There are 2 protein chains.
Amino acid sequence: MFVDSLLDLPQLRTFYTLVQAGSFTACAGRLNRTQSAVSHAMAKLENQTGVTLLARRGRTLGLTEEGRRLYQACEQAFATLDAAADDLRRHQTLAKGRLRVGATLEFGSSILMKHMQPFLAANPDLEIDFTLDHELLGPLLRDDLDLIIDCLEHPLPTLKKSPLFRETYVVACAPGFRKAHRLRVPADLSSGPVLSLDKAGAWWNRFLMAVPDREQPQLDHIIAVNHIRAMIHAAIEGMGALLVPRYSVLEELQRGALVALFPAIRPTEDRFSIYQKKVKAGQEKQRLLTRYLQGLSPEEFGS
Amino acid sequence: MFVDSLLDLPQLRTFYTLVQAGSFTACAGRLNRTQSAVSHAMAKLENQTGVTLLARRGRTLGLTEEGRRLYQACEQAFATLDAAADDLRRHQTLAKGRLRVGATLEFGSSILMKHMQPFLAANPDLEIDFTLDHELLGPLLRDDLDLIIDCLEHPLPTLKKSPLFRETYVVACAPGFRKAHRLRVPADLSSGPVLSLDKAGAWWNRFLMAVPDREQPQLDHIIAVNHIRAMIHAAIEGMGALLVPRYSVLEELQRGALVALFPAIRPTEDRFSIYQKKVKAGQEKQRLLTRYLQGLSPEEFGS
DNA sequence: ATATGACATGAGCTAAATTCATGTTTGTGG
DNA sequence: CCACAAACATGAATTTAGCTCATGTCATAT
């Protein structure tokens, strides 16, 4: 029944916090969980051990004798582990020197800048230069850059590629625009203007290919804007619907300036990767930055 | 980035085992995981802490200075926790006295008996009587039984109900029978005999109701057998297809004496619950048995 | 009595951990 | 020196475990 360790570590941590907090609700608060989660966890712990640990006396929470002993063990064990964690943090190898980073314009100016601050703060002896451009491979090979973040494939044997995140695309528009044009399904896009990076509307192909034949819209009314940021502002003003990488409009979606359309349609994704010369990828400063960026991955990139 | 504890406890346990085992593959063996799982876990641990812990020197596994310190902390912390776990196990409150348990015939004689041994062994001072019958509520209310396990609903305010498991049904037959009658879809059942608890075939309604109209079989050739165990033996001999609770044929399915048919069809499930008088549910012996049975839950019941 | 606060419960869902299939690196024997 | 094998890494798909939501129960206060 108990395969490896008799005690389930996450549950113990919950138990430990619960005793300190004094109530399920308070414990849930500290752990950023709901009261329900704490309750489930404690029920499971008591079942797995087969021992009653908590004495629910009406509205006050007590411990059984066994619970008290377990708490003491937790106190000691977690103190040890937390000390070890602090120790690790202090001994985190710090990057130093100079690092020249390249990235695509849109990604670099939004997401990358937004997340570099903590890394810079943690590594005060590191100086970073950013170069935002579309042509990144050349400078990398010429050693004008040490590390680039790009969504193009560069399959060269001298380069080390580290996947960073998948760029997902969204169709979005201003809330008022959706209402005015009654946008419910992709076909409804025929009725209003759409914003495109190019005049011909090829920009939208990525989306159209993901739409089932039945619902294909006719994109007749195209407004070309050759700059993504400008396109976003145009969309916010209600000039039309747009298709952009989700990361570029994370903030607008959150505060409601734009609303995402047709979540069921999933356009093909691009993959952003970090590229570095293999010979230099081993350097501490490069390794640390790579690791830091990969550590962000969840939905910080909107994927 | 690290919300609660800086160190992810399950990953630490993996790290600890890895160092002891000396290799990823060996560690995976001890933890009943794959090598890949260990690799993923360690990669994540090193990323989250931002510290290199393992020195992969070719074919031998070493530790960095930080890794060594972390291992020592683990050693101490886990020793404490394991000791606490042992302590808990020793102080597990034991049931004693006499407990009269009732259960339905089929469930009691198969699954229940199969799983009671460990509980009895762990509680030598407990004497248990089993009563297997279909009429269980009366004896419970009359205090001839202390605790019953039943799939009927007994919504009485004086009773405490504890859900135990969901009884799923399967259609099955002998492998030869399936071949002989070419059973591919439910409609194929028309071509051969089916076993039923009752002569009229109402026993099969539970299944028929889950079959889409298009595929409804005509159950003309019904062989009535008024006992489930006998029905199972009949099916093994190739006398027909049967419909039974999955738990009653777990063993036969495993060793291939019977094969499950139409896994896509999901007949409605019954729920087995433990019922006890509320006034007696608080007693240690009743609580412990309830907890033990609920702890089994996974697929021990075939659901 | 009824309302209120605190925990329990179940179903459904989401996110994380695991596995599968495959690639990469390092040491070994031909 | 090259091919091979052993040990770990990686990505994608899948499974599982844990969380949340909605609701129920119970004890205490009004």
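Every chain is numbered from 1 and lettered A, B, ... according to where its sequence line falls, protein lines coming before strand lines. Owing to the predicted nature of the structure, the values given are computational and were not obtained by experimental measurement.
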Partner residues of F78(A) under the ring pair (Phe, Tyr, Trp, His ring centres under 6.0 Å) criterion, sequence neighbours left out: Y16(A)
Protein-nucleotide distance (L61(A), atom CG; dG5(C), atom P), rounded to Å: 19 Å
Contacts of E75(A) that satisfy side chain to side chain donor-acceptor pair (under 3.5 Å) - sequence neighbours left out: none
Pairwise 5' ranking along DNA chain D for K278(B) and T14(A), keeping only the more 5' one: T14(A)
Spacing of L18(B) atom CG relative to dA9(D) atom P, expressed in whole Å: 9 Å
Counterpart residues, ring pair (Phe, Tyr, Trp, His ring centres under 6.0 Å), relative to F15(A) (two or more places apart): none
Contacts of type salt bridge (charged side-chain N to carboxylate O under 4.0 Å, His left out), residue E65(B), not counting sequence neighbours: R68(B), R69(B)
Under the salt bridge (charged side-chain N to carboxylate O under 4.0 Å, His left out) test, residues paired with K160(A) that sit two or more places apart: none
Residues forming a salt bridge (charged side-chain N to carboxylate O under 4.0 Å, His left out) with E46(B), sequence neighbours excluded: R56(B)
Exercise: identify the closest heavy-atom pair between E269(B) and T168(B): OE2-CG2, 3.4 Å
Whole-Å gap separating P (dA9(D)) and CG (N47(B)): 12 Å
Five-pair end axes of the helix from dA1(C)-dT30(D) to dG30(C)-dC1(D) and the angle they enclose, rounded to 10°: 20°
Residues which pass ring pair (Phe, Tyr, Trp, His ring centres under 6.0 Å) with H115(A), listed by chain and number, not counting sequence neighbours: none
I'd like a list of close polar pairs between nucleotides 13-17 of chain C and the protein, N/O only, cut-off under 3.5 Å.
from	atom 1	to	atom 2	distance (Å)
dA17(C)	OP2	K44(B)	NZ	2.5

Nearest-nucleotide comparison on DNA chain C, the residue closer to the 5′ end among S23(A) and T34(B): S23(A)
Protein-to-nucleotide contact annotation, 5' to 3' order, nucleotides 10-15 of chain D [B base; S sugar-phosphate only; - none; under 4.0 Å, heavy atom]: BBB---
Distance below 4.0 Å between T25(A) side-chain N/O and dC7(C) OP1 or OP2: yes
Rounded interatomic separation in angstrom, taking CG from L45(A) and P from dG18(D): 12 Å
Partner residues of D146(A) under the side chain to side chain donor-acceptor pair (under 3.5 Å) criterion, sequence neighbours left out: R100(A), K280(A)
cation_pi(R166(B), F272(B)) dist<6.0 Å, angle<=45: no
Counting only pairs under 3.5 Å, give me each side-chain donor-acceptor contact of residues 35-42 of chain A, with atom names and distances, residues two or more places apart or in other chains.
none

